[in-house]
Amino acid sequence: MLYSEKVMDHFKNPRNVGEIENADGIGEVGNVKCGDIMKIYIKVDNNIITDVKFKTFGCGSAIASSSMATEMIKGKSIDDALELTNRAVVEALDGLPTHKIHCSVLAEEAVKAAVKDYYDKNGIEYDKTKFCDGNCCHCDKHQSSEE
């Protein structure tokens with residue numbers, strides 16, 4: 001079988017689908033090659049992500065990756081959310097086919113983009129090296145984690 005039971009479960013029964021009105025941070029990323037687009041919304045209270053929702057246009061792996069990523073950061077601190085890696089998402093899903101690893105990279109990038117938006121909206125200083133500068137799915141930082 002190509003996909004793990006966890007991938008299929010998060011695809012068929014995605015968690016945290018939707019959008020948050022007046023979100024504290026919104027991250028939207030996309031991959032031109034595959035056409036996937038992910039949008040993650042976060043609500044933050046006392047540096048804790050109290051709610052998170054996502055909207056994803058893409059394949060089953062993209063939806064499963066978004067769903068799992070939101071589950072992994074809900075209730076966590078902003079700093080913990082920034083530590084989320086695509087590798088952690090893949091492991092939590094019990095693996096993804098090699099040609100679908102980019103979906104987990106998008107999930108990581110969408111979370112980081114939402115956190116960056118939260119920082120920007122609130123005038124919070126942050127370490128710019130923790131964030132990609134746009135079309136990140138192809139930057140050197142992620143090439144090694146995709147292999």
Side-chain angles (χ1 to χ4, degrees), residues 1-44 49-76 78-122 124 126-147:
M1 183 167 168
L2 202 56
Y3 296 103
S4 72
E5 283 183 34
K6 278 193 185 173
V7 171
M8 293 307 294
D9 182 41
H10 276 269
F11 167 61
K12 291 178 180 175
N13 309 293
R15 284 63 150 181
N16 308 308
V17 175
E19 53 188 278
I20 298 173
E21 274 191 47
N22 305 315
D24 295 317
I26 301 170
E28 184 171 3
V29 296
N31 182 317
V32 179
K33 276 186 183 173
C34 65
D36 293 336
I37 299 170
M38 282 182 197
K39 198 166 190 177
I40 290 189
Y41 304 79
I42 58 172
K43 264 290 192 208
V44 181
I49 297 172
T50 56
D51 196 12
V52 56
K53 299 262 187 250
F54 79 91
K55 283 190 159 182
T56 293
F57 176 83
C59 64
S61 294
I63 292 165
S65 292
S66 303
S67 175
M68 182 56 83
T70 61
E71 286 285 277
M72 292 173 79
I73 66 167
K74 195 173 196 173
K76 300 273 200 263
I78 287 285
D79 293 336
D80 285 345
L82 275 181
E83 297 302 313
L84 180 75
T85 64
N86 75 294
R87 200 172 268 137
V89 172
V90 171
E91 286 173 12
L93 288 169
D94 292 337
L96 282 173
T98 307
H99 66 284
K100 293 295 183 178
I101 296 293
H102 68 273
C103 296
S104 65
V105 173
L106 280 178
E108 175 189 334
E109 290 173 5
V111 166
K112 288 183 176 172
V115 170
K116 183 180 181 301
D117 185 50
Y118 166 72
Y119 285 159
D120 289 342
K121 285 178 177 173
N122 290 282
I124 298 169
Y126 55 88
D127 179 357
K128 290 182 177 36
T129 64
K130 289 192 176 193
F131 301 93
C132 295
D133 55 357
N135 192 16
C136 190
C137 206
H138 309 292
C139 74
D140 292 339
K141 179 179 168 198
H142 290 300
Q143 292 304 343
S144 60
S145 61
E146 279 193 65
E147 292 169 3

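Worth knowing before you read on, the calculation uses all heavy atoms, side chains too, and leaves out hydrogens, waters and symmetry mates.
- Side-chain atoms of N16 and T70 form a donor-acceptor pair, as typed in the model, at a separation below 3.5 Å.
- Among V7, L106, V90, L93, the single residue meeting the side chain to side chain contact (heavy atoms under 4.5 Å, CB included) criterion with S65 is L93.
- Residues Y3 and S61 approach most closely at CE2-OG, 3.1 Å, considering heavy atoms.
- The structure places NZ of K53 at 13.5 Å from CD1 of I42, a figure rounded to the nearest 0.5 Å.
- Remark: the backbone N or O of N22 is paired with a side-chain donor or acceptor of K43 at under 3.5 angstrom.
- Residues E28 and I37 are in side-chain contact: their nearest non-hydrogen atoms beyond the backbone lie under 4.5 Å apart.
- The shortest heavy-atom contact between C103 and A62 is SG-N, 3.6 Å.
- In this structure a side-chain-to-backbone donor-acceptor pair under 3.5 Å is missing from D94 to S4.
- A pairwise comparison of heavy atoms in A64 and F11 identifies CB-N, 4.1 Å as the closest pair.
- Heavy atoms only, all atoms of each residue included: I63 and G58 are closest at CD1-O, 3.8 Å.
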Y126 vs D120, test: side-chain hydrogen bond (donor to acceptor under 3.5 Å, both in side chains). Steps then yes/no. CA-CA 9 Å; Y126 55 88; D120 289 342; 2.9 Å; yes
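- Considering CD1 of I73 and CG of L84, their distance stands at 7.0 Å, rounded to 0.5 Å.
- With hydrogens and angles disregarded, a donor-acceptor distance shorter than 3.5 Å links the side chain of N31 to the backbone of K33.
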Given the rule in the side chain to side chain contact (heavy atoms under 4.5 Å, CB included) test, do I49 and K76 qualify, once you have shown the distances and angles that lead to the verdict? CA-CA 6 Å; I49 297 172; K76 300 273 200 263; 5.6 Å; no
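- Nearest approach of V44 to D24, heavy atoms of both residues: N-OD2, 2.6 Å.
- Taking both residues in full, the closest heavy atoms of A107 and I40 are given as O-CD1, 4.3 Å, listed atom of the first, atom of the second, then distance.
- Here T85 contributes atom OG1 and E108 contributes atom CD; the two are 6.0 Å apart, rounded to the nearest 0.5 Å.
- Annotation: the span from I101 atom CD1 to R87 atom CZ amounts to 9.0 Å, rounded to 0.5 Å.
- In this structure, the side chain of N122 engages the main chain of Y118 through a donor-acceptor pair within 3.5 Å.
- Atom CD in E109 sits 11.0 Å away from atom NE2 in H102 (nearest 0.5 Å).
- Using a 4.0 Å cut-off between charged side-chain N and carboxylate O, K39 and E19 make no salt bridge.
- Rounding to the nearest 0.5 Å places CD of E71 at 9.5 Å from CZ of F54.
- At least one donor-acceptor pair closer than 3.5 Å links the side chain of S67 to the backbone N or O of R15.
- Taking the side chain as every heavy atom from C-beta outward, T56 and D36 never approach each other to under 4.5 Å.
- Contact check for V17 versus K55: no side-chain heavy atoms found under the 4.5 Å cut-off.
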